[in-house]
Novice: 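To start, I am sharing the structure in question, which I have written as C-alpha cells.
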Amino acid sequence: MKRPATRCVMRRPGAPAPSVPPVSAPSRERSVTPEVVAEHGLSPEEYELALGILGRAPNMTELGIFSVMWSEHCSYKSSKKWLKTLPTEAPWVICGPGENAGVIDIGDGLACIFKMESHNHPSFIEPYQGAATGVGGILRDVFTMGARPVANLNALRFGSPDHPKTRHLVSGVVAGIGGYGNCVGVPTVGGEVNFDPSYNGNILVNAMTVGIAAKDRIFYSGASGVGNPVVYVGSKTGRDGIHGATMASAEFNADSEEKRPTVQVGDPFTEKLLIEACLELMATDAIVAIQDMGAAGLTSSSFEMASKGGLGIDMDLDKVPQRERGMTAYELMLSESQERMLMVLKPGKEAMARAIFDKWELDFAVVGTLTDTGRMVLRMHGAVVADLPIDPLAQASPEYDRPWTRTERPPVVKPDDVPARDWREVLKKLIASPDLASKRWIWEQYDHMVMGDTVQRPGGDAAVVRIHGSNRGLAMTTDCTPRYCVADPREGGKQAVAEAWRNLTAVGARPLALTDNMNFGNPQKPEIMGQFVEVCEGMAEACRALDFPVVSGNVSLYNETSGQGILPTPTIGGVGLLNDLGRMATLPFRREGDVVVLIGDAIGGRGGWLGRSLYLRDILGRAEYAPPEVNLSIERRNGDFVRGLIEDGRVSTCHDVSDGGLLVALAEMAMAGGIGVSVSTDPSQAYAQPLHAWLFGEDQGRYLIAVPEHEADGIQREASRVGVPCRRVGITGGETLTVDGGEGLSVASLKAAHEAWLPNYMEGLKSP
Amino acid sequence: MKAAVIVFPASNCDRDVAVSIERTSGVKPLMVWHRETTLPDDLDLVVVPGGFSYGDYLRSGAMAAHSPIMREVKSRSERGLPVLGICNGFQILTEAGMLPGVLMRNARLRFICRDVYLRVETHDSLFTDRYETGETVRIPIAHHDGNYFADDATLKEIEDNRQVAFRYCDEEGEVRPEVNPNGSRANIAGVFNRDRTVLGMMPHPERLAEDILGGADGKPLFLSLVEALS
C-alpha cells in the first residue's frame with residue numbers, strides 16, 4: 001500500500017447524491033450485525049461514518065470494502081498527520097510519496113524508482129511465504145511505475161537468539177526472500193539484521209526494491225478517460241490472503257497463528273512473467289494508468305485508480321479470472337492473491353496488449369469501464385452487488401490525531417563512569433555477537449550478482465549497482481538503530497537518517513533520497529504514538545539538514561503481541577548516485593603501510609559516547625542512558641569532506657564508524673582485507689581517555705579512511721583548514737590488530753569468530 | 001562468432017551472458033524464444049543460460065528439457081553445433097540427455113551464491129583453450145540444485161574420457177572435499193560431452209568477466225569460444 005499524498009490531492013467536486021437502487025445481497029451472505037462489524041476491525045464510530053456516507057446499511061461485500069480501505073494498513077489513519085511533516089521535495093525529486101513508489105532523477109535521461117515496505121505480520125505467521133510475498137509486493141510497486149527492478153534489499157529484525165522460534169523464523173524468512181528474489185532474477189544486494197527480545201512475537205521483514213526507468217516513461221496510477229477499459233492482468237484470483245490488510249492492522253495474541261490462511265502464497269515465476277510482460281507493454285503507448293494489486297487487492301487498486309482520476313468504475317466481477325469456483329463478490333474484492341495488476345488502457349489497444357500477455361501466458365481480462373459517476377459499481381451474475389462512492393472511501397477515511405506523550409530523556413553517562421574491560425575480550429565478544437557477527441550465512445542464500453551489475457556486494461557500508469551500460473552506479477543501504485530510538489526517539493530518528501546518508505557517503509555516493517518503513521507498536525497507547533511523533537520530528541530535521549528527502553514509505557503499526565510492543569524501528573532505505581565507478585570507496589584494507597585516519601571526533605573531544613552502546617549492552621548487560629547525539633551540521637560537514645576525497649580519487653578505502661565504535665570498525669576493515677592494523681593513541685592528549693570509551697564509543701558522524709603515507713599529510717592539512725577533525729589512529733600491516741603495542745589479536749582468528757556465529761547458531765551447534 | 005541465447009520465460013541470466021558474448025566477440029547474440037522450433041543454419045554456438053526456465057517447481061530443468069526449442073538444440077548439437085549450458089542451462093542439458101549425470105539439490109539444501117575456486121581440468125576444448133590445464137580460477141556460483149551426481153559406471157566413463165571440465169578446489173588448486181560447495185561427486189563443477197562440443201557448468205563465467213565486477217576469470221572462456229568459432 002502506498003502512503004497518502006502529501007502534495008497534490010485530486011478531488012472530484014460535487015459527488016452525486018447517494019441515492020442508489022437497492023443493492024442485491026446474495027442469500028447465502030451473512031447479515032451485517034454489530035459483531036460482524038467488529039470482526040471487520042471497524043470501530044462503532046467508523047461504522048457510523050460508513051452509514052452516513054452510504055445513506056443505508058452496507059451489505060457484506062461493501063462492509064468488507066470499508067473494512068480494508070479503512071484499515072490502518074491502507075488508510076494511514078493514525079500516522080497521516082505526522083507523515084505530512086516529513087520533507088519530500090528536492091530539485092531531483094520527480095515524484096514524492098503518494099504513488100506506488102518514489103521517483104528521483106539520476107541524470108542521463110534516467111530515473112530511479114524505489115520503495116520499502118513491511119511484511120511483518122505475515123512473516124511471523126508463515127515466514128517463508130510471508131517474506132517471499134513481501135519481496136513480490138515491493139517489486140510490483142516499482143515495476144508498476146515503469147522501472148526495471150535492479151536491486152532488492154531487506155532489513156530484518158528477529159527476536160532473541162535463544163527464543164525457541166527465532167531459528168525457525170530466520171531460516172524461513174531468508175529462504176522465502178531468496179526463493180522469490182532469486183527466481184525473478186533481481187539481485188538481493190544488501191540489508192541489515194538485528195536480534196532483540198522485543199521482536200520475539202513480532203519480527204520485522206522490511207523489503208526494498210530499487211528500479212531504473214526512462215525519465216520520460218514513468219507510469220502513474222491516476223485513471224483518466226471516461227469509457228476507457230479497465231484491465232486485469234497476471235495471476236488468477238483465489239481465496240488466499242483475504243483480510244490480510246486487516247490482520248496486519250491488529251495486535252497479535254496467542255491465537256495469531258490461526259491467521260495463517262490470511263497469508264498469501266507467492267509465485268515468483270509468474271512475477272517474472274508479469275515484470276517482462278508489463279515492461280513490454282510499457283514500451284508501447286497503450287497504458288493510461290496502472291496499479292498493482294497489493295494489500296486489499298482488487299479493492300484498493302480499483303478505488304485508488306478511480307479516486308486519483310476523479311472517476312468511477314463499473315466492474316463486472318464475472319470477468320475476473322478466478323482460480324476457484326463459486327467465489328463470492330466479497331472474496332473477489334478482498335483476496336490478496338499475488339502477482340496481479342490492474343490497468344487502464346487507451347481505447348482500441350486491448351488486442352495488442354492481450355497479445356503481449358498471451359505471449360507470457362498470463363491472464364488478461366477487460367473487467368470494467370471508467371465512468372464519470374465517481375462510484376464503484378460492482379456487478380456479478382447480472383446483479384449489482386456493491387455500489388459505493390469512491391472518494392469518501394479512498395480519501396475521506398478516518399484520520400486520527402491520537403494522544404501522545406514525549407519519551408522521557410534518559411540521563412547522559414560520563415565515559416569515566418562506565419567500567420573498563422580489556423579491549424581484547426570486548427572486541428572478541430562484540431564481533432561475534434548476534435548483531436555484529438557476519439551475516440554471510442544469510443546473503444549467500446540470495447543471488448546478489450544476477451543482472452551482472454553488482455559492483456559492491458553485501459557486507460560493505462552500502463551496496464553499489466552499476467547503471468546498466470554505463471560507468472555510473474547507484475548506492476543503496478538500509479539503516480536503523482532501534483536501541484537508540486527507544487531511548488530517545490527524536491535522536492534515534494535523526495540517527496537512522498544520518499546513518500543511511502553516512503553509509504552512502506562512505507562508498508563515495510551523493511545521497512539523493514530515502515524511503516522509510518515505520519515499524520511501531522500500538523498507536524492507541526500514548527507512549528507508542530509519542531515514539532512515532534518524535535521519530536518523525538527527528539527524521540524531518542535530519543532530512544532537511546542533509547538534503548535527503550523522503551520520497552516513499554510505508555507504516556506498520558500494531559507490532560505487538562499480548563501487549564508487548566517492539567522497539568520503535570523506523571527503517572531508512574537510502575539511495576545515492578556515483579558518477580564515476582572508478583572513484584568509489586570500499587571497506588577492506590587494501591595494502592600494508594597505509595595510514596588509517598579517523599575523520600570526525602567524539603562529542604566533547606574526549607573519550608567516547610557509551611550511552612546505549614553495544615559495549616554497554618552486550619559487555620556490561622545494561623541497556624541504559626542516552627544514545628549518542630547527532631549533530632547534523634557536523635554530520636554534513638564531515639561527510640561532504642570524505643565524499644570530496646573519494647570523488648577526487650584520493651581515498652578508496654573508507655568505512656563509517658557505527659555500531660560497536662572505532663575498534664569494531666577497524667576490525668571490520670582488517671577482517672575484510674585480511675591485513676592487520678596497529679592502532680596507537682597519543683598519551684599526552686586526552687582524546688583517548690578513557691581508552692575503552694575511545695575504542696568502543698558510538699559517537700556519530702565519523703569515518704575511517706586508509707591512505708598511503710604521502711596522502712595522509714595533505715588530507716590532514718585540508719581537514720584542519722575546513723575545521724574537520726582528522727586524526728591518525730594507526731598503520732595497516734601484519735596479521736594482528738594491536739592497540740598501543742602490547743599483545744594483539746590475530747585478524748584470522750577474529751574473522752573466524754566473526755564468521756562462525758550465525759552458521760553455528762543456525763546449525764544449533766552453540767548456544768548463543 | 002554467431003551465437004544464439006535461448007530464452008525461457010524465467011531465464012534470468014540471458015542478458016548477462018549476451019553482454020559477455022558481445023563484449024568478447026563484438027557481435028550481439030541472437031535471443032531465441034523458447035517456443036521457437038528452429039535455429040538459423042549458420043549458427044556457431046548455442047548458449048542455454050541460467051535462471052529458472054519455467055519456474056523449476058518440478059525438478060530443475062525437467063520441463064525445459066522437453067520444450068520445443070530444446071528438441072532443435074539437441075538435434076543440432078548431435079550434428080556438431082557447440083552448446084554451452086550455464087547453471088540452469090547445465091541442468092537442462094543433463095535433463096535433455098545431452099550431458100551425463102544429473103544435478104540434485106545442494107547437500108546443505110540451501111541456495112548458495114558465492115565465488116568459488118575451480119581447477120581447469122583441460123585446456124583442450126573450444127571452451128577452455130585460453131586457460132591452462134591445472135589453472136585455478138575464481139568464478140561465482142548461484143544455485144540451489146548444483147549437486148552433480150553420476151553413478152559409478154558413468155563417473156568412471158566421464159573420468160576415463162576426460163570429460164570433466166572444472167572441479168571445485170581451494171585457492172591453491174587443491175581439490176578437497178571441504179571446498180566442495182554443494183556435494184557434487186568428485187567435486188565436479190562442469191562436464192563435457194564425449195566430443196567436447198557441449199559444456200555444462202554450474203559456475204557463472206559471465207558474472208566475473210570484467211574487473212569492475214570483482215574479477216575477470218570468466219572472460220577467457222568467452223575468448224576461447226570467439227577464437228575457436230569465429
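Reckoned from all heavy atoms, side chains included, excluding hydrogens, waters and symmetry mates. Order of the sequence lines sets the chain letters (A, B, ...), proteins ahead of strands, with each chain counted from 1.
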Novice: With chain B, which of A/Asp267, A/Leu581, A/Leu273, A/Val184 has the greatest number of heavy-atom pairs at distances under 4.5 Å?
Specialist: A/Asp267
Novice: Select one option (side chain, backbone, both, neither) describing which atoms of B/Arg23 are under 4.5 Å from chain A's heavy atoms.
Specialist: neither
Novice: Side chain, backbone, both or neither: which part of A/Val186 has a heavy atom under 4.5 Å from chain B?
Specialist: neither
Novice: Could you note down all residue pairs passing side-chain hydrogen bond (donor to acceptor under 3.5 Å, both in side chains) where residues 213-230 of chain B supplies at least one of them, sequence neighbours left out?
Specialist: B/Arg130-B/Glu227
Novice: Can you say whether A/Arg440 sits under 4.5 Å from chain B via the side chain, the backbone, both, or neither, judging by heavy atoms?
Specialist: neither
Novice: Can you list everything that forms a side chain to side chain contact (heavy atoms under 4.5 Å, CB included) with B/His123? Sequence neighbours excluded, please.
Specialist: B/Asp129, B/Thr133
Novice: Give the member of B/Ala10, B/Pro9, B/Gly214 that has the highest number of heavy-atom pairs under 4.5 Å with chain A.
Specialist: B/Pro9
Novice: Which bit of B/Asn12 comes within less than 4.5 Å of chain A, counting heavy atoms only: side chain, backbone, both or neither?
Specialist: both
Novice: Going by atom types alone, do A/Tyr446 and A/Asn152 pair a side-chain donor with an acceptor below 3.5 Å?
Specialist: no
Novice: My understanding is that only one of B/Pro49, B/Ser53, B/Cys87 makes a side-chain contact (heavy atoms from CB on, under 4.5 Å) with B/Ile92; could you say which?
Specialist: B/Ser53
Novice: What residue among B/Arg105, B/Arg110, B/Arg59 forms salt bridge (Lys or Arg N to Asp or Glu O under 4.0 Å) with B/Asp145?
Specialist: B/Arg105
Novice: At a heavy-atom separation under 4.5 Å, does B/Ser20 approach chain A through its side chain, its backbone, both, or neither?
Specialist: neither
Novice: Do we see a donor-acceptor contact under 3.5 Å between the side chains of A/Glu763 and A/Asn760?
Specialist: no
Novice: Do we see a donor-acceptor contact under 3.5 Å between the side chains of B/Asp56 and B/Asn88?
Specialist: yes
Novice: Within 45° of the ring axis of A/Tyr761 and under 6.0 Å from its six-membered ring centre, is that where the NZ or CZ of A/Arg167 lies?
Specialist: yes
Novice: Is the shortest distance from a Lys or Arg side-chain nitrogen in A/Asp580 or A/Arg472 to a carboxylate oxygen in the other one below 4.0 Å?
Specialist: no
Novice: Does the gap between the ring centers of B/Phe52 and A/Phe269 come in under 6.0 Å?
Specialist: no
Novice: Using non-hydrogen atoms only, which part of A/Asn471 is less than 4.5 Å away from chain B: side chain, backbone, both, or neither?
Specialist: side chain
Novice: Which answer fits B/Tyr57, side chain, backbone, both or neither, if we ask what part of it has an atom under 4.5 Å from a heavy atom of chain A?
Specialist: side chain
Novice: Using a 4.5 angstrom heavy-atom cutoff, name the option from A/Glu444, A/Arg466, A/Glu271, A/Glu361 with the most pairs to chain B.
Specialist: A/Glu444
Novice: Identify which of B/Gly51, B/Gly55, B/Ser11, B/Cys13 forms the greatest number of heavy-atom pairs closer than 4.5 Å to chain A.
Specialist: B/Gly55
Novice: For residues A/His468 and B/Arg15, is any side-chain donor paired with an opposing acceptor at under 3.5 Å?
Specialist: yes
Novice: Is there any residue in residues 26-40 of chain B with a non-hydrogen atom under 4.5 Å from a non-hydrogen atom of chain A, and which ones are they?
Specialist: B/Trp33, B/His34, B/Arg35
Novice: Taking every heavy-atom pair that is under 4.5 Å apart, which of A/Gly582, A/Cys183, A/Ala175 has the most such pairs with chain B?
Specialist: A/Cys183
Novice: Which residue out of A/Arg457, A/Gln445, A/Gln456 racks up the most heavy-atom pairs below 4.5 Å with chain B?
Specialist: A/Gln445
Novice: Using the side-chain hydrogen bond (donor to acceptor under 3.5 Å, both in side chains) criterion, which residues pair with B/Asn147? Sequence neighbours excluded.
Specialist: none
